2 protein chains.
Amino acid sequence: MNHKMLSIADQIFNELEHDILTGVYEHDELLTELKLSETLGVSRTPVREALSRLAQEHIVEMTSKGARVMGITEKDIEDIYAIRYRIESLAAKMAAENADEQGLKELKRLLDLQEFYTEKDDHDGTNAADSGFHQALYALTKSPTMIQTLGPLHRRIVKYRRVSYETPDRAITSLGEHRGIYEAIAAGDGEKAEELMRVHIEKARKSILGK
Amino acid sequence: MNHKMLSIADQIFNELEHDILTGVYEHDELLTELKLSETLGVSRTPVREALSRLAQEHIVEMTSKGARVMGITEKDIEDIYAIRYRIESLAAKMAAENADEQGLKELKRLLDLQEFYTEKDDHDGTNAADSGFHQALYALTKSPTMIQTLGPLHRRIVKYRRVSYETPDRAITSLGEHRGIYEAIAAGDGEKAEELMRVHIEKARKSILGK
DNA sequence: AATGGAATTAATGTATACAATTATACATCT
DNA sequence: AGATGTATAATTGTATACATTAATTCCATT
């Protein structure tokens with residue numbers, strides 16, 4: 001087992017990133033180092049490190065009044081999907097070409113998990129499993145560059161994807177699309193995985209943006 | 001005049017990023033907070049903030065022995081070019097569609113600067129102007145997502161691009177390619193800018209990787 | 001000489017203290 | 001009333017002190 005010990009700063013970074021991207025904190029909200037450190041029961045130092053790393057990723061913006069939560073506009077979502085359309089399809093192809101047995105098993109596990117939550121009509125569970133599926137696929141590319149590039153883009157829209165899963169139809173079709181992608185990857189068919197991913201991204205985009 | 005005051009941490013981040021990506025520090029070299037703070041004449045705090053942000057971008061890796069400088073493999077370069085091929089062409093199209101007068105002037109200025117250095121056979125100057133041209137083009141897209149995504153990818157290979165400019169032929173053809181892209185953008189011809197950028201990226205890739 | 005393990009060292013991680021800057025409130029002047 | 005200046009407060013930025021952990025050294029034991 002590889003239980004890596006995370007520093008307090010790392011834990012706070014993960015927690016704040018999740019809370020901001022899922023909407024616990026809202027757009028333009030000001031997070032001050034002192035308040036956060038008091039709430040969390042730690043000193044300002046690790047809080048400050050977490051915030052400066054969030055600022056690095058443009059998730060917050062440091063100001064003299066506190067770290068301002070950056071919102072995500074509709075145009076941001078459009079741009080993210082335009083970029084993902086072009087490179088996540090490549091990632092699917094690379095995954096098909098480089099997949100190892102263990103990674104494939106993990107991808108399958110997340111697919112099954114998504115099916116489980118979709119049948120239970122659990123939107124949060126479905127959304128989490130969806131996120132896991134994509135991140136696992138990135139890992140299959142064996143490309144740190146791809147993982148670093150797509151990971152943040154995908155995480156940024158988790159809140160909006162969540163909303164789209166309230167359309168029950170979307171949850172079911174998304175599951176089917178994932179299944180097709182998984183099978184193409186498992187079969188080592190890069191071309192097919194690439195094309196199916198293109199279709200999937202375009203449908204997800206339409207489901208979220210409605211156009 | 002907009003002389004923005006940068007914090008010490010920001011300055012150190014910029015300096016270290018530049019020095020690592022241009023090869024002042026080499027692969028696997030260990031940077032310790034204490035030594036850096038003594039060398040730079042500041043406390044560990046801003047040094048530490050800079051390093052943790054560099055780790056966030058996978059430019060260094062934090063270990064118990066210091067911040068280890070991460071190297072860039074040939075495969076990393078291949079992956080970066082594969083991604084840029086697909087989205088920097090989109091960026092060129094977006095730049096053509098969203099360019100404003102001031103941004104175009106800046107792009108032209110950097111093009112002229114590249115010409116100046118190319119004629120003088122100044123590889124470092126040419127490389128710097130090349131980098132500036134691409135970053136200015138990203139800015140023209142008016143898309144924070146595009147800027148955030150492409151910026152780091154482009155900066156990562158500055159050292160290797162520098163080497164490719166030692167082939168005088170490459171410097172001249174690159175200049176010509178940039179000129180074509182600039183003119184397509186200035187003319188508002190998105191399709192052409194997109195196609196010319198694809199060609200440019202592919203040629204640059206070949207020039208660096210030799211295959 | 002090889003091995004094991006305590007002592008030491010060197011590094012990061014965290015807390016606190018201090019400095020500098022910016023925002024706010026309030027009084028004063030016109 | 002509105003502008004302006006000044007004191008106060010709130011917040012970030014930096015330095016330093018302390019805690020913890022991992023590597024290294026070195027000595028004792030076999």
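What you are looking at is a predicted structure, and each value in this text was computed from that prediction instead of being measured. Numbered from 1 within each chain, the chains take letters A, B, ... in sequence-line order.
- Residues forming a side-chain hydrogen bond (donor to acceptor under 3.5 Å, both in side chains) with B:R68 (at least two apart in sequence, or on another chain): none.
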Protein proximity profile, nucleotides 7-19 of chain D - base contact B, sugar-phosphate-only contact S, no contact -, cut-off 4.0 Å on heavy atoms: ----SBBBBB---

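- Residues that satisfy the ring pair (Phe, Tyr, Trp, His ring centres under 6.0 Å) test with B:F13, not counting sequence neighbours, are absent from this structure.
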Throw together a table of side-chain donor-acceptor distances under 3.5 angstrom for residues 31-38 of chain A, partners on residues two or more places apart or in other chains.
| from | atom 1 | to | atom 2 | distance (Å) |
| --- | --- | --- | --- | --- |
| A:T32 | OG1 | A:K35 | N | 3.4 |
| A:E33 | OE1 | A:R44 | NE | 3.0 |
| A:E33 | OE1 | A:R44 | NH2 | 2.7 |
| A:E33 | OE2 | A:R48 | NH1 | 2.9 |
| A:S37 | OG | A:E33 | O | 3.2 |
| A:S37 | OG | A:L34 | O | 2.7 |

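- Identified under the side-chain hydrogen bond (donor to acceptor under 3.5 Å, both in side chains) test for residues 88-101 of chain B, with sequence neighbours left out: B:R84-B:E88, B:E88-B:H134, B:E88-B:Y138, B:D100-B:K142.
- In this structure, the CG atom of B:L36 is 11 Å from the P atom of C:dA11, given to the nearest Å.
- With sequence neighbours left out, A:R155 forms a salt bridge (Lys or Arg N to Asp or Glu O under 4.0 Å) with A:E17.
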